[in-house]
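For ligands, and for the atoms within them, numbers begin at 1 and follow the listed sequence. Along the sequence shown, residues carry numbers from 1. These numbers come from a predicted model, not from an experiment.
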Amino acid sequence: MVKINSNYERLAGSYLFSTIAKKVRAFEESGPDKSIIRLGIGDVTRPLTPTVIKALHDAVDEMADEKSFRGYAPDLGYDFLRRAICENDFAARSCRVDEDEVFISDGAKPDSGNIQEIFDGKCRIAVCDPVYPVYVDSNVMAGRAGTLGTDGRYSDIVYLPCTAENGFSPQLPDSVCDIIYLCSPNNPTGEAMTKEALQKWVDYANANGSVIIFDAAYEAYISEEGIPHSIYECSGARECAIELRSFSKNAGFTGLRLGYAVVPKDIIRDGVSLNALWARRHSTKYNGAPYIVQRAGEAVYSPEGKMEIRGLVNFYMENASYILSHLKEAGHTVYGGVNSPYVWLAVPSGMTSWDFFDYLLERAGVVGTPGSGFGACGEGYFRLTSFGSHENTREAVDRICAL
Ligand SMILES: *Cc1c(COP(=O)(O)O)cnc(C)c1O
């Protein structure tokens, strides 16, 4: 009789988005006088840009011709894409990343879930609170989390509170953590770590033999000086940090699927190169991102591609700045929205995140995401996203401000 991986039974139910959907449906059925506007979506809405579309079409045509047809892609990615990444995302920022340290994948979510496989089952993990749930759940599945408490926290995970008091920047823990997940600019808080703050974590990791998993999916949204675009801007990061990147939020590839992980050859643990371990894992379990999608990724780095991607990011950031400035003017306390497409709103005192969700839905027909759904420290906050149209975003914000 087969037994299941019982770690899966330790997963907390993912009620957040199903509860939101249920509440929205009930509201719709009550025959409201207002249309519903969703400012909760974490998915882009603008179409792929012309340069990307052309690269896709051209690559499709190559696949139709015997002379240019391509079969299996190299497991770790095509050289043309790895080269473009090294030059544009790293060398241009004076960071050293070699081509054989870049592993092309189908996105940062799969990478952030899979990366834990190369570490021992007893490693102690640390995550920010609030947190992108994939980091936690993938470690629950692997048996590293311990038991789930009534407070929604796992006994063996170290939670790093990110609150207004610490500027939403995780502070070093008292105990030693082996694997530390950092996401900056952050989903859900929308805040980004400064270079000094990130450098402290790199120093901590090198002092303790820890490894940092740095999720930089929102790198393209950074608008301020002093915010690192890559963890490799910090000295010593090549000895302790893995960086994850995605083409989803900058270039709109959420449906196309493309990302990459950087695993420097300088990270040695237990006398073993993590670069070699990840190469082994990747080539065993993954058969490469599609050729046409890697060509589309290459096009993102062309001069026209870069301009178009800037246009996409600017489009969403216009929404973010509208949300931010108008909510502020109306007396709300808001964070994020400057180096990321997320605005993190402090809910009015006396209300929980869910109270505020119900209040916004019923009174304004606006849907957001309750902060408590991302962790205990998210209680009292509410996430609004900038991925909608200008028209819907303005209408939603105007309705909130009129309450
Ligand atoms: C959207 C997002 C990603 C990107 O995931 P993909 O699989 O590349 O689409 C990664 N990390 C965080 C925190 C995100 O919000």
Colleague: Charged N to carboxylate O below 4.0 Å: is that the case for Arg93 and Asp89?
Modeller: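 Answer for the salt bridge query: no.
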Colleague: Any idea how Tyr381 and Trp344 line up, ring-wise: parallel (<30°), tilted (30 to 60°), or perpendicular (>60°)?
Modeller: parallel
Colleague: Looking at Tyr286 versus Phe103, is the centre-to-centre ring distance below 6.0 Å?
Modeller: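 No, the ring of Tyr286 stays outside the 6.0 Å limit from the ring of Phe103, centre to centre.
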Colleague: For Gly107, counting its heavy atoms only, list the atoms of ligand 1 lying under 4.0 Å from any of them.
Modeller: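 Heavy-atom distances to Gly107 below 4.0 Å select 7 (O), 8 (O).
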Colleague: Just jot down the ligand 1 atoms closer than 4.0 angstrom to any heavy atom of Ser248, in number order.
Modeller: 6 (P), 8 (O), 9 (O)
Colleague: Under 4.0 Å from a heavy atom of Ala217: give me the atoms of ligand 1 that qualify, with their elements.
Modeller: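 Counting atoms of ligand 1 from 1, those under 4.0 Å from Ala217 are 3 (C), 10 (C), 11 (N).
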Colleague: Here's one to test your reading of the geometry: is the NZ or CZ of Arg383 within 45 degrees of the ring axis of Phe374 and under 6.0 Å from its centre?
Modeller: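 No, Arg383 and Phe374 do not form such a contact.
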Colleague: Identify, for atom 3 (C) of ligand 1, the protein heavy atom at the shortest distance, and state residue, atom and that distance.
Modeller: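 Closest protein heavy atom to atom 3 (C) of ligand 1: Lys249 NZ, 3.4 Å.
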Colleague: Are the aromatic rings of Tyr359 and Phe382 close, with centres under 6.0 Å apart?
Modeller: no
Colleague: Below 4.0 Å, non-hydrogen atoms only: which portion of Ala108 touches ligand 1? Side chain, backbone, both or neither.
Modeller: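 For Ala108, the contact with ligand 1 is made by both the backbone and the side chain.
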Colleague: Is there at least one pair of N or O atoms, one from Thr254 and one from ligand 1, spaced under 3.5 Å apart?
Modeller: no
Colleague: Atoms of ligand 1 less than 4.0 Å from Cys183 heavy atoms?
Modeller: 13 (C)
Colleague: Counting each atom of ligand 1 from 1 as listed, which ones have a heavy atom of Tyr218 under 4.0 Å away?
Modeller: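 In order of number, 1 (C), 2 (C), 14 (C), 15 (O).
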Colleague: Would you mind telling me if ligand 1 is within reach of the side chain of Phe253, the backbone, both or neither, using heavy atoms under 4.0 Å?
Modeller: neither
Colleague: Have Thr352 and Asp355 got a donor and an acceptor in their side chains that come within less than 3.5 Å?
Modeller: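 Yes.
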Colleague: In ligand 1, which numbered atoms sit nearer than 4.0 Å to a non-hydrogen atom of Asp215?
Modeller: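 Reading through ligand 1 atom by atom, the close ones are 10 (C), 11 (N), 12 (C), 13 (C).
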Colleague: Which heavy atom of the protein is the closest neighbour of atom 5 (O) of ligand 1, given with residue, atom name and distance?
Modeller: Lys109 N, 3.4 Å
Colleague: Identify the protein heavy atom lying closest to atom 7 (O) of ligand 1, giving its residue, its atom name and the separation to 0.1 Å.
Modeller: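 Checked against all protein heavy atoms, atom 7 (O) of ligand 1 sits closest to Arg257 NH2, 2.6 Å.
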Colleague: Heavy-atom contacts with Pro110 under 4.0 Å: which atoms of ligand 1 show up? List them by number with element.
Modeller: 7 (O)
Colleague: Checking the N or O distance criterion of under 3.5 Å, is ligand 1 in contact with Asp106?
Modeller: no
Colleague: Is the ring pair Tyr132/Tyr135 parallel, tilted or perpendicular, if the boundaries are 30 and 60 degrees?
Modeller: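 Answer is perpendicular, since the angle exceeds 60°.
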Colleague: Decide, yes or no, whether a salt bridge links Arg25 with Glu28 under the criterion of side-chain N to carboxylate O below 4.0 Å.
Modeller: no
Colleague: Check Asn139, Ile212, Val131, Asp215 against Tyr181 for a side chain to side chain contact (heavy atoms under 4.5 Å, CB included) and give me the one that passes.
Modeller: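 With Tyr181 as partner, Asn139, Ile212, Val131, Asp215 yield a single side chain to side chain contact (heavy atoms under 4.5 Å, CB included), made by Asn139.
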